[in-house]
Amino acid sequence: MSKFLYITDQDEYADHSFIGPLFQKYLTKHFDINTTFFSNTKNEIEFEEKGRIIIPKKFQNNILEELEKAQINLNQFQFVVIRNNIELLKEVLDKKQNYNFKVGFRLSFPKRIAKLQTDEANNKKSLFDAITNKIKTYSEINLINKCDIFLPTSFQMKNDYFKDVKTRSFVIPSAIDPENLHDNIQHKGSEKRFFYAGTLDKLREFETILEAFSNINSSNYKLMISTKDPEYLDDLLVKFDNIKDNIEIYNASNRNDLLDLIAKADIGLAVLPNIALFNSSTPMKVLDYYSSAIPCIMSKNENNSSIFEDNISAWFTDFDKESIKNKLEYIISLSKDEITQVGINGQNRLLAVRNYERIAADLAHQLNIL
C-alpha cells in the first residue's frame with residue numbers, strides 16, 4: 001500500500017472534524033497514512049496511534065529534516081500533502097528533488113484573505129495590506145503551480161482567489177461521515193428551536209439575523225447560539241431587548257458538546273453575507289447540522305443551490321433582514337413533521353453527494369493516476 005504523509009497546520013488537541021474522517025479514517029483504506037500535528041508543549045517528536053505524528057512547534061520551519069532525525073524514511077512516501085501553510089509547502093518543494101514523492105497542497109480556507117476582509121469590515125484595512133496580499137497571492141500561486149496536485153475546498157474558491165493556478169486540481173469539499181450520524185432529539189415544546197454555531201464578527205453581520213428575529217410576528221421560537229465570541233454577542237444583544245427571553249447562549253467546549261446541542265434544535269442557521277469568501281464553499285456548520293438531520297436556512301447562492309433544493313432539503317434566503325424575516329416566519333408556520341422531513345431530505349442528499357467515504361475513494365483515484 002502506498003505511503004501518504006499529510007502535513008497539517010493544526011494543533012494536536014484541535015477538533016479535527018475534517019481531517020479525522022477523511023484522512024485518518026476513509027483514506028486509510030487506500031493508503032498507509034501518517035498525519036502530522038503541532039504541539040506547543042512537547043520538545044521531541046512523538047508517534048501516536050492511527051499514524052499520528054506530533055511535532056514540536058519549534059520544528060515547523062525545518063520539518064522534513066526533523067522527521068528524518070526521528071528515523072522516518074521520507075523516500076518511502078509516494079505522496080506528501082501540505083495543508084494551508086505556504087511556508088511548509090515552500091520547504092517541501094525546495095527539498096523535493098531529494099526524494100521520490102509527489103507534492104500536493106490542500107487549501108481548506110483562504111485565511112489571510114478572510115483576515116483582510118475582516119479588517120476591512122472593521123475599517124482597519126490599509127493600502128499596504130492590499131498590496132501585500134497581492135504579492136503573497138502571486139507567490140503562493142507560483143508555489144502551487146510547482147505541485148503535482150492542488151486540493152481546494154471548491155472550484156469557486158480556486159476561481160475567486162487562485163484562478164491562475166494551472167496544476168491539476170481536485171476539489172475536496174467539507175462533507176459528512178456516513179458512519180457518524182447523530183440522532184435528532186425531539187424536544188416536547190411547541191416552539192421552533194433555531195441554532196447558530198460559530199464565529200461572530202462584523203464580517204458575518206449577525207446583527208442582520210437578530211434584526212430579522214426581532215421583527216417576526218411570532219414569539220413561538222427559541223434562538224440557541226453557541227459561540228467562542230461571547231463578548232461580541234453581548235454587545236450585539238444590548239440592542240435587542242425585545243427578544244432576550246427567546247435567546248439561549250452556549251459555549252460548547254468541544255465538538256461533541258456542540259453536536260449534542262445541535263441535536264436538540266429544529267433548524268440550523270447558516271445565513272451569511274453575499275461575498276465571495278462565504279459563497280465559495282459550504283460552511284462546516286451546515287455539515288454539522290445535517291449530521292443530525294437538522295435542516296438549515298442558508299444563503300441563496302450558487303454553491304448551496306448546487307447541493308440543496310429550496311423548501312425540499314433546505315431553505316434559501318437573500319441576506320437582508322426582510323427576506324430572512326419572511327423565511328423565518330414561514331418555517332415557524334410549518335409543523336414539526338414538515339421540518340423534520342426537510343432535514344431527512346437534506347441528510348440523504350449529502351450522503352449521496354458529500355460523504356467522506358466517497359470523497360476518499362475519488363481522491364485516491366486522482367492521486368494514483370498522477
Side-chain angles (χ1 to χ4, degrees), residues 4-10 18-19 22-23 60-61 63-64 79-97 99 101-121 125-175 203 272-284 299 301-307 354 359 362-370:
F4 182 114
L5 177 63
Y6 190 37
I7 301 175
T8 81
D9 58 342
Q10 296 288 287
F18 181 97
I19 297 171
L22 180 58
F23 287 95
Q60 69 174 346
N61 295 324
I63 193 168
L64 295 186
F79 306 100
V80 174
V81 175
I82 298 88
R83 182 183 192 269
N84 291 332
N85 191 316
I86 207 72
E87 294 302 318
L88 289 178
L89 175 63
K90 186 176 186 303
E91 180 199 344
V92 171
L93 288 172
D94 285 345
K95 298 176 181 178
K96 179 185 177 184
Q97 69 274 9
Y99 307 102
F101 53 67
K102 290 181 170 63
V103 176
F105 183 67
R106 161 66 178 160
L107 178 67
S108 66
F109 187 71
K111 295 180 181 180
R112 189 188 67 258
I113 296 170
K115 182 181 184 305
L116 195 67
Q117 293 191 343
T118 300
D119 289 344
E120 184 176 11
K125 180 183 174 183
S126 68
L127 178 60
F128 176 78
D129 292 331
I131 294 172
T132 300
N133 178 63
K134 285 188 176 181
I135 294 171
K136 287 185 176 180
T137 300
Y138 177 79
S139 175
E140 288 168 354
I141 289 171
N142 285 337
L143 288 170
I144 294 170
N145 278 332
K146 295 178 182 178
C147 293
D148 298 285
I149 193 167
F150 178 43
L151 305 170
T153 296
S154 71
F155 276 120
Q156 187 172 342
M157 179 184 291
K158 175 181 180 290
N159 293 335
D160 285 340
Y161 303 113
F162 295 91
K163 60 183 176 61
D164 293 324
V165 167
K166 305 302 181 186
T167 196
R168 177 195 289 268
S169 298
F170 177 75
V171 167
I172 306 182
S174 49
L203 190 62
L272 293 164
N274 183 24
I275 60 175
L277 185 68
F278 296 142
N279 290 339
S280 62
S281 62
T282 305
M284 196 64 224
S299 305
N301 60 42
E302 184 177 344
N303 178 72
N304 290 334
S305 297
S306 70
I307 305 169
R354 284 284 192 91
I359 292 170
D362 291 343
L363 174 57
H365 173 73
Q366 289 295 318
L367 292 172
N368 285 326
I369 62 175
L370 286 178

Is there side-chain contact between Ile369 and Gln366, with at least one heavy-atom pair below 4.5 Å? yes
Tell me whether the rings of Phe105 and Phe150 are parallel (<30°), tilted (30 to 60°) or perpendicular (>60°). parallel
Could you check whether any side-chain heavy atom of Phe170 comes within less than 4.5 Å of a side-chain heavy atom of Leu367, counting everything from C-beta outward? no
Check whether Ser154 reaches the backbone of Pro152 with its side chain - one donor and one acceptor, N or O, closer than 3.5 Å. no
Which value, rounded to the nearest 0.5 Å, describes the distance between Ile359 atom CD1 and Ser174 atom OG? 8.0 Å
For residues Leu272 and Pro283, determine if any side-chain heavy atom of one lies less than 4.5 Å from a side-chain heavy atom of the other. yes
Return yes if some donor-acceptor pair links the side-chain N/O of Thr153 with the main-chain N/O of Leu107 below 3.5 Å, else return no. yes
Looking at every heavy atom in both Phe4 and Val81, which two are closest together, and how far apart are they? CZ-CG2, 3.5 Å
Should the pair Phe23 and Tyr6 be assigned to parallel (<30°), tilted (30 to 60°) or perpendicular (>60°) ring geometry? parallel
Taking Tyr161 for the side chain and Leu277 for the main chain, is one N or O donor matched with an acceptor at less than 3.5 Å? yes
With Tyr99 via ring-ring contact (aromatic ring centres under 6.0 Å, His included) - residues at least two apart: Phe101
In the structure I gave you, are the side-chain heavy atoms of Leu64 and Val92 within less than 4.5 Å of one another anywhere? yes
Nearest heavy-atom contact between Ser169 and Val165 is OG-CG1, 4.4 Å
Pairs touching residues 139-164 that satisfy salt bridge (charged side-chain N to carboxylate O under 4.0 Å, His left out), sequence neighbours left out: Lys96-Asp148, Arg112-Glu140
Does Ile82 reach the side chain of Thr8, with side-chain heavy atoms less than 4.5 Å apart? no
Minimum-distance pair of heavy atoms, taken over all atoms of Leu88 and Ile7: CD1-CG2, 3.8 Å
Any donor-acceptor pair under 3.5 Å from Asp9 side chain to Asn84 backbone: no
Whether the side chain of Glu87 engages the backbone of Asn61 through a donor-acceptor N/O pair (distance < 3.5 Å, no angle test) should be reported. no
Side chains of Ile149 and Lys102 in contact at under 4.5 Å (non-hydrogen atoms): no
Taken in chain and number order and not counting sequence neighbours, the residues that satisfy salt bridge (charged side-chain N to carboxylate O under 4.0 Å, His left out) with Asp94 are Lys90
CD on Gln156 to OG on Ser280, rounded to 0.5 Å: 6.0 Å
NZ (Lys166) and CD1 (Ile141) are apart, to the nearest 0.5 Å, by 9.0 Å
For a quick test of reading the model, state the closest non-hydrogen atom pair linking Ser108 to Arg83 and the distance between them. OG-NH2, 3.5 Å
Hits for ring-ring contact (aromatic ring centres under 6.0 Å, His included) against Phe79, two or more places apart or cross-chain, chain-then-number order -> Phe31
For Asn301, side chain to side chain contact (heavy atoms under 4.5 Å, CB included) partners two or more places apart: Asn279, Ser299, Asn303, Asn304
Contacts of Thr132 that satisfy side chain to side chain contact (heavy atoms under 4.5 Å, CB included) - sequence neighbours left out: Phe128, Lys136
Are the side chains of Tyr138 and Lys134 in contact, using a 4.5 Å heavy-atom criterion? no
Using the rule given for side chain to side chain contact (heavy atoms under 4.5 Å, CB included), can you reason through Leu89 versus Val103, listing the C-alpha separation, both sets of side-chain angles and the distance that settles it, and then say yes or no? CA-CA 9 Å; Leu89 175 63; Val103 176; 3.8 Å; yes
So, do Ile172 and Leu363 sit near enough that their side-chain heavy atoms are less than 4.5 Å apart? yes
